[in-house]
Asker: 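Before anything else, here's the structure in question.
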2 protein chains.
Amino acid sequence: MVLDAALALADESGLDAVTMQAVASRLGVTPMAIYRHVGDKGALLDGVVERLLGEVRLPSEALPWPDRLRATARGVRRIGQRHPGVFPLVLQRLVATPAALRVRDTVQRGLVDAGVDPGRTAQAERLISTAVLGFVVSEVGGRFRNHSKRTVDGDFERLLELLSGLLESERAQPARWS
Amino acid sequence: MVLDAALALADESGLDAVTMQAVASRLGVTPMAIYRHVGDKGALLDGVVERLLGEVRLPSEALPWPDRLRATARGVRRIGQRHPGVFPLVLQRLVATPAALRVRDTVQRGLVDAGVDPGRTAQAERLISTAVLGFVVSEVGGRFRNHSKRTVDGDFERLLELLSGLLESERAQPARWS
DNA sequence: ACCTGAACACCGTTCAAGT
DNA sequence: ACCTGAACACCGTTCAAGT
């Protein structure tokens, strides 16, 4: 598949290495052949981002919500670390694709179970996702490259704690689990 | 100056329009002339990001810390909105440049005045900055483009409230102001 | 010191043509 | 339906040469 080739290239040599010609030659094909399968280079990158989000390992719905939300955040981070070349694009593209909705809905269900007022889960999800994505993009994009892995790991765990705190302040009804 | 031309191009026509040849022709000069002034296209973009951060309006140190921190965040957001083409690069480049340190130190002084344990201001600053930058990059990069301005403005104000909450939980000593 | 001309290998993309 | 050849205008960058 075209998207696999593009993602493999990005993982091996960075986003700049993802050119139509490089993707084509990895598939043993001429560059223009690709235009039959993706409309455009932009569409190619959109497809790769979608694949990335689809790769996020989501936790079992049977887990209590605090573990579930933490596991989701860690799953997103793991994908970022696995694909640092393309991950930053996640913050620049629309959130309405199926794979993006899949992650979003998992978070929103977690929030509902946590007892967040149903009228406020959408905003809470946006802020939580933005914080987590912003962190991971910073990390894999090199913004923290002066800091040790231990420091960055500690920052991420602290972020998760703070997001739990956010939920406490947001809860209107008793939680359904926990 | 070369950086001004590059920034103006990005503002008018997006990041893709910032090519060595376009910058050169805007200056009425041949493309290779630019290599005398910036080493590289990467260095050019670094320079533009630096200029951006230098443009952030920082609040007076005389303000009470809660207003000061809020004003700093709003100042960052305003620059993002003013320069949506280049702003996303802020999350991908190192934080150790002079203009970046200028913003960072303002936040850290705010945290100290808020009574955050001095051993923890660095982490708190990183998390706060990451959350704010992640939000603004999402906003100007179009991740929220399905939402109305009112919704996005509301999200940002809510984010600021939550960051204040973070400070409450982080305070070890009585605040110096407020 | 600064700018230029000519040239390099490489982009994304189109179009008409082939099977 | 899918792939190809040839071609387009445009990239970033180098090097030797000019003032």
Side-chain angles (χ1 to χ4, degrees), chain A residues 1-52 83-94 97 140-143 145, chain B residues 1-52 83-94 97 140-143 145:
Chain A
M1 191 40 152
V2 177
L3 299 180
D4 288 325
L7 182 52
L9 268 168
D11 290 345
E12 290 163 18
S13 327
L15 192 56
D16 290 348
V18 184
T19 72
M20 296 306 251
Q21 357 253 330
V23 172
S25 98
R26 175 177 268 263
L27 295 169
V29 107
T30 192
M32 319 84 206
I34 295 182
Y35 285 82
R36 262 330 103 167
H37 304 279
V38 301
D40 210 336
K41 190 177 177 187
L44 200 178
L45 293 178
D46 284 339
V48 173
V49 168
E50 182 69 358
R51 205 172 206 61
L52 230 66
H83 305 289
V86 250
F87 194 84
L89 294 180
V90 170
L91 221 50
Q92 318 239 46
R93 314 242 162 207
L94 200 53
T97 63
V140 306
R143 192 168 147 254
R145 97 181 64 106
Chain B
M1 194 37 154
V2 177
L3 298 180
D4 287 325
L7 182 52
L9 269 168
D11 290 345
E12 289 163 20
S13 328
L15 193 56
D16 289 349
V18 182
T19 71
M20 295 306 251
Q21 356 253 328
V23 173
S25 98
R26 175 176 268 262
L27 294 170
V29 109
T30 193
M32 319 86 206
I34 294 182
Y35 285 82
R36 262 329 106 165
H37 303 279
V38 301
D40 210 334
K41 189 176 178 188
L44 199 178
L45 294 177
D46 283 340
V48 173
V49 167
E50 182 70 358
R51 205 171 207 59
L52 231 65
H83 306 289
V86 252
F87 193 84
L89 295 180
V90 170
L91 222 49
Q92 320 238 44
R93 314 244 162 204
L94 199 55
T97 62
V140 306
R143 192 169 147 252
R145 92 180 72 103

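The figures here come from the full heavy-atom set of this structure, side chains too, leaving out hydrogens, waters and symmetry mates. Just so you know, these numbers come straight off a predicted model, no measurement behind them.
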Asker: Tell me the interatomic distance from A:L44, atom CG, to C:dC11, atom P, rounded to whole angstroms.
Answerer: 14 Å

Asker: Would you check if the side chain of B:T30 reaches a backbone N or O of B:A33 as a donor-acceptor pair within less than 3.5 Å?
Answerer: no

Asker: Any heavy-atom pair between the side chains of A:E12 and A:R26 that's under 4.5 Å?
Answerer: yes

Asker: Measure the shortest side-chain to side-chain distance between A:V48 and A:V18 over non-hydrogen atoms and say whether it is less than 4.5 angstrom.
Answerer: no

Asker: State the pairing partner of C:dC10; accept Watson-Crick or G-U wobble contacts with both distances under 3.5 Å, and report none otherwise.
Answerer: none

Asker: Could you tell me the separation between the CD atom of B:Q21 and the P atom of C:dC10, rounded to a whole number of Å?
Answerer: 17 Å

Asker: Tell me which nucleotide among D:dG5, C:dT4, D:dC3 gets nearest to the side chain of B:M32.
Answerer: C:dT4

Asker: Does a side-chain heavy-atom distance below 4.5 Å link B:D4 with B:R51?
Answerer: yes

Asker: Can a side chain N or O of B:H37 be found less than 4.0 Å away from OP1 or OP2 on C:dC3?
Answerer: yes

Asker: I want to verify a distance call: between C:dG12, C:dC3, D:dT13, whose nearest atom is closest to the B:A33 side chain?
Answerer: C:dC3

Asker: Evaluate the side-chain proximity of B:L27 to B:V23: yes if any heavy-atom separation is below 4.5 Å, no if none is.
Answerer: yes

Asker: Could you check B:D40 against B:R36 and say which one's nearest nucleotide on DNA chain D is further toward the 5' end?
Answerer: B:D40

Asker: Grab the NZ-P distance between B:K41 and C:dC11 for me, whole Å please.
Answerer: 14 Å

Asker: Tell me the interatomic distance from B:L27, atom CG, to C:dT4, atom C1', rounded to whole angstroms.
Answerer: 15 Å

Asker: Can you tell me the distance, in whole Å, between the OH atom of A:Y35 and the C1' atom of C:dG12?
Answerer: 4 Å

Asker: Quick one: which of D:dC11, C:dT4, C:dT13 gets closest to the side chain of A:M20?
Answerer: C:dT13

Asker: CG of B:L45 versus C1' of D:dT13: gap in Å, rounded?
Answerer: 15 Å

Asker: When the nearest nucleotide of DNA chain C is assigned to A:G39 and to A:D16 on a heavy-atom basis, which residue is associated with the more 5' position?
Answerer: A:D16

Asker: Report yes if at least one side-chain N or O of B:T30 is closer than 4.0 Å to OP1 or OP2 of C:dC3; otherwise report no.
Answerer: no

Asker: Under a 3.5 Å limit for both distances, which nucleotide forms a Watson-Crick or G-U wobble pair with C:dC2, could you say?
Answerer: D:dG18

Asker: Between B:I34 and A:P31, which residue's closest nucleotide on DNA chain C lies nearer the 5′ terminus?
Answerer: B:I34

